[in-house]
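The next block holds one structure in the form of structure tokens; read it before the comments.
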Amino acid sequence: MSLRSLLVVGGPPLAAAVVGGLGSRRAPEVYGRLAKPRWAPPAQAFGPVWTALYVSIGVVGGRMHRRGAAPRTWALHGTQLALNAAWPATFFGIRDRRAALGVIAALDAVLVAEVADLARRDPVAAATLGPYLGWCLFATALTARVGDPGPAGGAPGVV
């Protein structure tokens, strides 16, 4: 694989991971204080899960690159990665749950569109994004369900 191909394939998910990681700097503190449902995963689960998901996104990017994906597919791919990168800053950085719900709902919609687009051209790539889509939908439900830990937690809608 050429350096250019490697950058096309690995650069976008790596950039999303780095930007998302910067937005998640306060995640341990914020997540630990949230009123979470019983089905919320422990904080230690997020790192390994996201690492695997970013690798799978890179694999899909590689398939798209090798198969000459349409500009629309690349636009969807880039948009979902941008939304993915924006969510942590919205949720953990500015701590606005309503805005974070808007970001993650947009991510879900764009990701569904990308999977549908890929399913027509590359069913393997579409299936590879399945766990990512499932995790994002789960994260949407969790984002909707978490709440302030109490009076010291901040204003309604702020996590």
Side-chain angles (χ1 to χ4, degrees), residues 7-62 64 69 72-119 125-150 152-159:
L7 290 174
V8 167
V9 169
L14 180 59
V18 168
V19 171
L22 292 172
S24 297
R25 286 187 309 252
R26 297 184 62 207
E29 169 195 342
V30 173
Y31 191 75
R33 288 192 333 229
L34 293 174
K36 295 179 284 297
R38 287 190 312 266
W39 46 268
Q44 302 87 333
F46 292 97
V49 168
W50 276 111
T51 299
L53 294 175
Y54 282 124
V55 168
S56 71
I57 295 165
V59 167
V60 169
M64 290 170 55
R72 170 187 157 80
T73 310
W74 282 112
L76 291 167
H77 194 69
T79 301
Q80 60 89 355
L81 281 168
L83 290 164
N84 175 307
W87 183 88
T90 308
F91 189 83
F92 295 115
I94 63 173
R95 295 185 290 157
D96 187 334
R97 186 170 57 98
R98 288 183 189 112
L101 272 170
V103 170
I104 202 163
L107 169 58
D108 294 341
V110 172
L111 191 50
V112 165
E114 181 181 1
V115 169
D117 192 63
L118 284 168
T128 302
L129 287 180
Y132 175 41
L133 176 58
W135 184 261
C136 287
L137 293 170
F138 174 76
T140 303
L142 187 56
T143 300
R145 182 66 173 80
V146 297
D148 294 330
V158 176
V159 291

Shortest non-hydrogen contact between [X] and [Y], atoms and distance:
X: L107; Y: C136; answer: CD2-SG, 3.8 Å
X: Y54; Y: A16; answer: OH-O, 3.8 Å
X: G20; Y: P88; answer: O-CB, 3.4 Å
X: I104; Y: A139; answer: CD1-CB, 3.6 Å
X: F92; Y: R26; answer: O-CB, 4.0 Å
X: A125; Y: V60; answer: O-CG2, 3.5 Å

Any side-chain heavy-atom pair from [X] and [Y] closer than 4.5 angstrom?
X: T143; Y: W87; value: yes
X: P41; Y: Y31; value: yes
X: V49; Y: F138; value: no

Atom pair [atom1] ([X]) and [atom2] ([Y]), whose distance is rounded to the nearest 0.5 Å:
X: W135; Y: S56; atom1: CH2; atom2: OG; result: 12.5 Å
X: L129; Y: L53; atom1: CG; atom2: CG; result: 9.5 Å
X: R72; Y: E114; atom1: CZ; atom2: CD; result: 10.0 Å
X: T73; Y: L118; atom1: OG1; atom2: CG; result: 5.5 Å
X: R95; Y: L34; atom1: CZ; atom2: CG; result: 9.5 Å
X: T79; Y: N84; atom1: OG1; atom2: CG; result: 12.0 Å

| Main-chain N/O of K36 paired to R145 side chain as donor or acceptor, under 3.5 Å | no
